[in-house]
Amino acid sequence: MGDEDWEAEINPHMSSYVPIFEKDRYSSGENGDNFNRTPTSSSEMDDGPSRRDHFMKSGFASGRNFGNRDAGESNKRDNTSTMGGFGVGKSFGNRGFSNSKFEDGDSSGFWRGYRDGNNSEASGPSRRGGRGSFRGCRGGFGLGSPNNDLDPDECMQRTGGLFGSRRPALSGTGNGDTSQSRSGSGSERGGYKGLNEEVITGSGKNSWKSEAEGGESSDTQGPKVTYIPPPPPEDEDSIFAHYQTGINFDKYDTILVEVSGHDAPPAILTFEEANLCQTLNNNIAKAGYTKLTPVQKYSIPIILAGRDLMACAQTGSGKTAAFLLPILAHMMHDGITASRFKELQEPECIIVAPTRELVNQIYLEARKFSFGTCVRAVVIYGGTQLGHSIRQIVQGCNILCATPGRLMDIIGKEKIGLKQIKYLVLDEADRMLDMGFGPEMKKLISCPGMPSKEQRQTLMFSATFPEEIQRLAAEFLKSNYLFVAVGQVGGACRDVQQTVLQVGQFSKREKLVEILRNIGDERTMVFVETKKKADFIATFLCQEKISTTSIHGDREQREREQALGDFRCGKCPVLVATSVAARGLDIENVQHVINFDLPSTIDEYVHRIGRTGRCGNTGRAISFFDLESDNHLAQPLVKVLTDAQQDVPAWLEEIAFSTYIPGFSGSTRGNVFASVDTRKGKSSLNTAGFSSSQAPNPVDDESWD
Ligand SMILES: Nc1ncnc2c1ncn2[C@@H]1O[C@H](COP(=O)(O)OP(=O)(O)OP(=O)(O)O)[C@@H](O)[C@H]1O
């Protein structure tokens with residue numbers, strides 16, 4: 001239970017919030033016709049069975065309806081905290097944020113409390129590094145401890161005080177579960193079921209097949225997906241737009257790197273040493289790259305030497321260019337023929353990644369670095385019109401960036417031939433090989449025409465690489481592949497200041513609002529565990545007059561892209577997301593990540609917090625640790641915090657200790673580098689046993705691709 005009640009909580013408030021914002025802020029129509037269709041009075045909100053659906057599609061889709069009541073205050077947040085301090089503790093750690101709003105000025109009770117430590121009565125002194133003895137006790141969290149019998153939905157419902165009185169749940173399908181109704185036949189994307197959905201639900205069916213075999217156009221599967229994404233800007237300034245490297249960019253040089261495998265070529269220290277052609281060098285300069293990151297120093301010569309590679313480097317440290325540049329260099333060197341219109345295209349390179357937004361981002365990088373060359377990059381992904389993908393491909397395709405489901409559809413439709421494939425890249429490779437996508441990847445490499453692993457170059461990149469996934473990867477790679485480990489495999493980016501707060505389910509919303517009010521307008525990603533909760537929290541924040549949008553697998557692709565756009569440009573400085581946005585997304589100026597719900601695995605945590613602190617910039621991550629549901633994460637979390645030289649709350653260490661799992665080899669002995677190339681035997685520092693080799697939680701079966 002609970003979901004319907006969320007709806008009931010949201011709906012009464014929608015009606016009071018939608019109209020005023022809508023008229024004040026968006027009547028210009030700047031954001032498209034959706035606004036004009038948004039109801040402007042509560043009575044309009046009430047009509048028809050699709051009230052919630054209408055609301056979601058028209059206004060909330062981009063977080064616009066619920067911004068601020070007053071025109072001109074759209075992005076301002078009320079900085080007045082209504083909460084008192086919530087606890088005492090010790091130093092929170094202030095590295096790198098002396099000029100931020102976290103440090104100055106705000107003397108609200110919350111902020112003092114937050115800065116000072118943790119809200120738990122059990123909080124003992126925080127420490128950086130070392131495990132030490134376990135202090136404090138674990139009782140008395142005193143913030144509305146959830147009842148064991150309640151599921152999270154119910155807890156959310158019970159905390160409904162902020163929403164005022166609750167109405168009875170709205171009955172009927174139209175008013176019920178938006179997610180479900182929108183996934184169904186009434187939705188634009190109804191005909192396309194994401195690959196991941198089917199794999200996760202264990203149906204054993206091949207969704208790519210069903211689509212390739214007519215699923216998308218089949219009446220029985222719902223209406224066609226008609227969304228055609230707008231083409232990206234073509235002007236040079238937009239193509240080369242980039243953000244600045246941060247103050248810690250040079251510190252990358254101090255990270256230890258280990259290459260394992262035989263006969264690795266030496267690292268290069270400068271772009272010049274890579275001997276790239278002039279056009280590529282020009283593009284690199286226009287992209288603002290002057291210095292190589294460690295993963296680039298090691299990976300570029302390895303790929304140029306024709307070797308297979310598994311590379312693991314921290315989030316935001318330039319892995320995309322590490323594979324794109326040498327692939328492009330090879331293509332240029334080999335004298336690639338210009339793409340031309342053909343019904344069957346035979347690209348030289350396929351790059352796969354787990355989410356639509358990520359493949360799009362990789363495509364934009366490929367387009368940037370191939371600018372002025374005859375190499376043509378194309379992107380295809382689910383949630384968009386299949387015909388559009390085909391039209392993009394037939395115009396010519398050297399580098400194909402694709403999500404697995406759409407890729408297999410297109411191969412099934414014989415628009416892509418694999419005979420010419422020289423490079424196969426798996427970005428977020430551990431995710432691509434896990435239970436969710438692994439079977440599709442296996443199908444890809446056994447497709448007719450796909451060169452064997454001996455005949456192609458296979459490249460895998462990620463910030464996390466569980467040992468069991470590395471073993472699976474061997475099937476894709478030549479036996480003499482090289483393994484590059486930049487720093488701690490699976491480690492968090494050190495430029496992210498991590499804080500873990502004990503927050504019970506009942507208190508999460510209040511705490512979130514307090515934190516966001518103190519953050520001000522800085523861009524913040526809030527991760528939650530389920531799609532429904534994403535909608536719920538986004539709506540709640542909008543009601544609190546915090547401009548918010550959301551991204552998750554139940555939103556139509558158009559809405560997902562709009563949400564990302566609104567977040568990128570700062571129109572909505574808060575993005576509530578499920579794990580669909582955890583990996584790879586590179587968004588300028590994301591200063592904060594908040595784990596409203598902690599993920600189920602530590603690898604997922606590492607990726608989520610890696611949305612901030614990118615490319616040498618600093619960032620902050622705050623995680624709500626719920627004693628009722630997150631204890632299994634305590635031990636790997638302590639390790640990740642320690643390895644990243646973060647303060648470890650004593651209470652967290654205590655939980656980690658009390659939930660000690662024999663055989664867990666993660667030590668808290670500080671920042672010791674170790675390679676975890678599985679070919680070298682059992683590692684001593686990996687987080688094996690806590691990694692994300694399983695697919696995401698089935699309760700949140702996202703349409704990722
Ligand atoms: N050598 C460089 N100089 C300047 N900027 C760079 C350099 N390499 C990469 N960048 C920029 O750094 C940002 C992060 O790069 P990228 O997205 O490739 O990171 P990543 O390692 O793939 O991260 P994730 O693990 O989250 O996917 C991008 O904006 C990219 O353009």
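Numbers here simply count residues along the sequence, with the first being 1. Read the numbers this way: they start at 1 and go in the same order the structure lists the ligands and their atoms. Note that the coordinates shown come from a computational prediction; the quantities given were computed from them, not determined experimentally.
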### Task
Verify, without hydrogens or angle tests, whether Asp235 (side chain) and Ser238 (backbone) share a donor-acceptor contact under 3.5 angstrom.
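Flag set: sc Asp235 to bb Ser238 pair under 3.5 Å.
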
**Message:** I'd like to know if the side chain of Gln361 reaches the main chain of Gly584, judged simply by a donor and an acceptor atom lying under 3.5 Å from each other, with no hydrogens or angles considered.
**Reply:**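 Pair found, side chain donor or acceptor close to backbone of Gly584.
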
Proximity to ligand 1 by part of [X], non-hydrogen separation under 4.0 Å:
X: Thr320; value: both
X: Arg614; value: side chain
X: Gln296; value: side chain

For [X], take its heavy atoms, then give the atoms of ligand 1 lying under 4.0 Å from any of them.
X: Arg611; value: 26 (O)
X: Tyr243; value: 13 (C), 29 (O)
X: Lys291; value: 1 (N), 2 (C), 3 (N)
X: Gln314; value: 21 (O)
X: Ser317; value: 19 (O), 20 (P), 21 (O)
X: Glu428; value: 27 (O)

Hey, are the side chains of [X] and [Y] touching, using non-hydrogen atoms and a 4.5 Å cut-off?
X: Phe567; Y: Met525; answer: yes
X: Glu348; Y: Asp334; answer: no
X: Ile239; Y: Pro233; answer: no

Got an N/O contact under 3.5 Å between [X] and ligand 1?
X: Gln361; result: no
X: Cys615; result: no
X: Gly610; result: no
X: Thr290; result: no
X: Thr245; result: no

Could you identify the single nearest non-hydrogen protein atom to [atom] and state the distance to 0.1 Å?
atom: atom 21 (O) of ligand 1; result: Lys319 NZ, 2.8 Å
atom: atom 23 (O) of ligand 1; result: Gly316 N, 2.8 Å
atom: atom 31 (O) of ligand 1; result: Tyr289 OH, 2.6 Å
atom: atom 29 (O) of ligand 1; result: Asp586 OD2, 2.5 Å

Would you check whether Phe249 reaches within less than 4.0 Å of ligand 1, judged by its heavy atoms?
->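 Judged by the 4.0 Å heavy-atom criterion, Phe249 does count as contacting ligand 1.
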
May I ask whether His607 places a heavy atom under 4.0 Å from ligand 1?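 Flag not set, His607 not near ligand 1.
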
Counting neighbours of [atom1] on [X] that are heavy atoms of other residues, nucleotides or ligands and sit closer than 6.0 Å, is the number greater than 12?
X: Lys291; atom1: NZ; value: yes
X: His333; atom1: NE2; value: no
X: Glu273; atom1: CD; value: yes

Once the angle between the rings of Phe624 and Phe596 is folded into 0 to 90°, is it parallel (under 30°), tilted (30 to 60°) or perpendicular (over 60°)?
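Tilted, since the angle between the ring planes falls between 30° and 60°.
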
Please verify the inter-ring angle class for Phe323 with Phe461; under 30° counts as parallel, over 60° as perpendicular, anything in between as tilted.
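Taking Phe461 first and then Phe323, their aromatic rings sit tilted (interplane angle of 30° to 60°).
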
Between Arg471 and Glu468, does a salt bridge (Lys or Arg N to Asp or Glu O under 4.0 Å) hold up when you go through it step by step?
CA-CA 5 Å; Arg471 280 186 274 274; Glu468 63 272 27; 5.2 Å; no

Practice task
Assert yes or no for the condition that the ring centre distance of Tyr363 to Tyr381 is strictly below 6.0 Å.
Solution key: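 Here the rings of Tyr381 and Tyr363 have centres that are no less than 6.0 Å from each other.
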
